[in-house]
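Each chain gets a letter, A, B and so on, in the order its sequence line appears, and its residues count up from 1.
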2 protein chains.
Amino acid sequence: MTQKAVISGDDPDRLLHEPARLRLLANLAVVRRADFTWLLQQTGLTRGNLSVQMSRLAEAELVTVEKMFRDNRPRTLYELTNKGRDALRQYKKNMHKILAVLPD
Amino acid sequence: MTQKAVISGDDPDRLLHEPARLRLLANLAVVRRADFTWLLQQTGLTRGNLSVQMSRLAEAELVTVEKMFRDNRPRTLYELTNKGRDALRQYKKNMHKILAVLPD
DNA sequence: ATCCTATAGTTTATACTATAAACTTATTTA
DNA sequence: TAAATAAGTTTATAGTATAAACTATAGGAT
């Protein structure tokens, strides 16, 4: 008889699991809508890294990107999509399952 | 005035954060002591990957490795160290902090 | 004896990924 | 008009995870 695994549950989605992206998404989960500069300050990422990570998230349709001008300066707004919100929910579930067996 | 970050807390330790290693450590957290073959079955990793990951964990002193022979066959036992246990605790704390702000 | 298969791992080669450095474009300011 | 600032993007590099290939030993089968 094949035994049941001691630890159950799927592995977390790597796109969300990466600390930089997870923090970005967590910020968006809280404020719903944020611009490039604000996220930069919140996360302490470099601009290059922030740009790349948000692009990946946008490509996966977890966030939307809206580019505009304000005071003759570019401004980029990001927002979590429903798909993004769902992905975060699932991620949270998966992680809770594994964290549950770790010592306090 | 500089604002406080919306999301607080350190980034998770990457050594533990990696899904393959996290699962291995979680298994050891539960059973305390396990051999190579058992971990192989539990995690579904390839032997190569398992070997490499456990070596990394051993090098970081999060687990101990004990090699022996049983029935003329090599047998490798792994065990979580106190340091490993502490690292898991810290990891759990850090992750809970960020998961807390995610939607349910 | 030697050939084949299985067991238990390790080493190495590759493909991926995160990240910072360098670059772009536009706008003030000196 | 030269320099500095702002807001991003592109690219180069270094690091990492993972599987494929390899090593070593044992136990039959022929």
Nearest-nucleotide pick for [X], side chain only, options being [options]:
{"X": "P74(B)", "options": "dT11(C), dA8(C), dT18(D)", "result": "dA8(C)"}
{"X": "R14(A)", "options": "dT11(D), dA6(D), dA17(D)", "result": "dA17(D)"}
{"X": "Q53(B)", "options": "dG9(C), dA17(D), dA7(D)", "result": "dA17(D)"}
{"X": "F36(A)", "options": "dT9(D), dA8(C), dT18(D)", "result": "dT9(D)"}
{"X": "R56(A)", "options": "dA7(D), dT17(C), dT18(D)", "result": "dT17(C)"}

M95(B) CE to Q90(B) CD distance, which is reported to the nearest 0.5 Å: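 Reported value, rounded in 0.5 Å steps: 12.5 Å.
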[N] OP1/OP2 closer than 4.0 Å to side-chain N/O of [X]:
{"X": "T46(B)", "N": "dT18(D)", "answer": "no"}
{"X": "K67(B)", "N": "dA24(D)", "answer": "no"}
{"X": "R21(B)", "N": "dA17(D)", "answer": "yes"}
{"X": "T76(A)", "N": "dG8(D)", "answer": "yes"}

Identify whether any heavy atom of [X] sits under 4.0 Å from a base atom; if not, whether one sits that close to sugar-phosphate; answer base, sugar-phosphate or nothing.
{"X": "R70(A)", "value": "nothing"}
{"X": "S55(A)", "value": "nothing"}
{"X": "E18(B)", "value": "sugar-phosphate"}
{"X": "D71(B)", "value": "nothing"}
{"X": "N72(B)", "value": "sugar-phosphate"}

Length of the [atom1]-[atom2] vector between [X] and [N], whole Å:
{"X": "D35(A)", "N": "dG8(D)", "atom1": "CG", "atom2": "P", "answer": "7 Å"}
{"X": "R73(B)", "N": "dA24(D)", "atom1": "CZ", "atom2": "C1'", "answer": "11 Å"}
{"X": "N49(A)", "N": "dA14(D)", "atom1": "CG", "atom2": "P", "answer": "17 Å"}
{"X": "L50(B)", "N": "dA17(D)", "atom1": "CG", "atom2": "P", "answer": "14 Å"}
{"X": "H17(A)", "N": "dA17(D)", "atom1": "NE2", "atom2": "C1'", "answer": "13 Å"}
{"X": "R75(A)", "N": "dG8(D)", "atom1": "CZ", "atom2": "P", "answer": "9 Å"}
{"X": "L77(B)", "N": "dA8(C)", "atom1": "CG", "atom2": "C1'", "answer": "13 Å"}
{"X": "L24(B)", "N": "dA17(D)", "atom1": "CG", "atom2": "C1'", "answer": "13 Å"}

Residue closer to the 5' end of DNA chain C, L45(A) versus Y78(B) (nearest nucleotide):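 Its nearest nucleotide being more 5', the pick is Y78(B).
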E59(A) atom CD, over 12 foreign heavy atoms within 6.0 Å: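 Not more than 12 within 6.0 Å, no.
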Backbone of L45(B) reached by a side-chain donor or acceptor of N49(B) within 3.5 Å: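 The answer is no, because no donor-acceptor pair under 3.5 Å joins these two groups.
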side-chain contact (heavy atoms from CB on, under 4.5 Å) evaluation trace for N94(B) with Y91(B): CA-CA 5 Å; N94(B) 290 155; Y91(B) 178 78; 5.7 Å; no
Min side-chain heavy-atom separation E66(A)-M68(A) under 4.5 Å: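 Counting from C-beta outward, E66(A) and M68(A) do come under 4.5 Å.
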Salt bridge D86(B)-R89(B), side-chain N to carboxylate O under 4.0 Å: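 Result for this pair is yes, salt bridge flagged.
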